[in-house]
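Any value given below was found using the heavy atoms of this structure, including those in side chains, with hydrogens, waters and symmetry copies removed. Along the sequence shown, residues are numbered consecutively beginning with 1.
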Amino acid sequence: MNRAILLVSHGNLASTMKESVELIAGMQQQLFALSMDDQVTLDSFSRELEAAVNQLLDRYEEIIILADIKGGTPCNAATLQVLKNSRVQVIAGFHLGLVIESCLSPVSPKELLDNTSRSICYINSTVNPINIKEEL
């Protein structure tokens, strides 16, 4: 499927996440970032996001917007886009694994979440502690 991935966030998280993904997975032509600074309101960010979505819909069949946190201004603005266009889907709470998987895998947003949520774990519960004193 021909789809764009659009990261939206507070501060520079979206653009920095895009850079990190491309460091690991190479250039991603379908990956875009839109960041919000502390001077932006929901209304102004919503207008900026709508313009970006409209441009992307001219080139892509679908857009998955990955927002930094549920309930934040970027996510709320993205939710407004879902209400306006059925070709827009939103996932809140992105992390590096999810963004990479979104870029590289053609699966549905639900499958993306299923696949990548398994990668979030408490490592301490999966390893045996090593007694450092014995090693010294």
List in chain and number order the residues that pass salt bridge (Lys or Arg N to Asp or Glu O under 4.0 Å) with Lys70, two or more places apart in sequence or in another chain; answer none if no residue qualifies. none
Under a 4.5 Å cut-off applied to non-hydrogen side-chain atoms, are Ile63 and Ile65 in contact? yes
Do Cys75 and Val8 have side chains that approach each other closer than 4.5 Å (heavy atoms only, starting at C-beta)? no
Could you please spell out the steps behind the side-chain contact (heavy atoms from CB on, under 4.5 Å) verdict for Leu49 and Leu34? CA-CA 8 Å; Leu49 180 58; Leu34 184 61; 3.8 Å; yes
Students should find that the hydrophobic cluster of Met27, defined by side-chain heavy atoms under 4.5 Å apart, otherwise consists of none
Is there side-chain contact between Asn85 and Leu57, with at least one heavy-atom pair below 4.5 Å? yes
Within the structure provided, determine whether Val82 and Gln89 are in side-chain contact (heavy-atom separation under 4.5 Å). no
Mind checking whether Phe32 and Leu56 have side chains closer than 4.5 Å, heavy atoms only? yes
Heavy-atom distance under 4.5 Å between the side chains of Met36 and Ser44, does that happen here? no
Any chance you could pull the hydrophobic cluster mates of Leu83, using side-chain heavy atoms under 4.5 angstrom and chaining through other members? Leu80
What side-chain donor-acceptor pairs closer than 3.5 Å can you find for residues 106-115, not counting sequence neighbours?
| residue | atom | partner | partner atom | Å |
| --- | --- | --- | --- | --- |
| Ser108 | OG | Glu111 | N | 3.2 |
| Ser108 | OG | Glu111 | OE1 | 3.1 |
| Lys110 | NZ | Asp114 | OD2 | 3.1 |
| Glu111 | OE1 | Ser108 | N | 3.1 |
| Asn115 | OD1 | Arg118 | NH2 | 3.2 |
| Asn115 | ND2 | Glu101 | OE2 | 3.2 |
| Asn115 | ND2 | Glu111 | O | 3.3 |

Hydrophobic cluster mates of Tyr122, side-chain heavy atoms under 4.5 angstrom, ILVMFWY only, any path? none
Mind checking the CD-CD spacing from Gln81 to Glu50? Nearest 0.5 Å is all I need. 5.0 Å
Taking the side chain as everything from C-beta on, heavy atoms only, tell me whether Leu6 gets closer than 4.5 Å to Ile64. no
Does the side chain of Asn2 come within less than 4.5 Å of Glu62's, by heavy atoms? no
Output every pair passing side-chain hydrogen bond (donor to acceptor under 3.5 Å, both in side chains) with a member in residues 10-24, not counting sequence neighbours, ordered by first then second residue. His10-Asp68, Lys18-Glu22
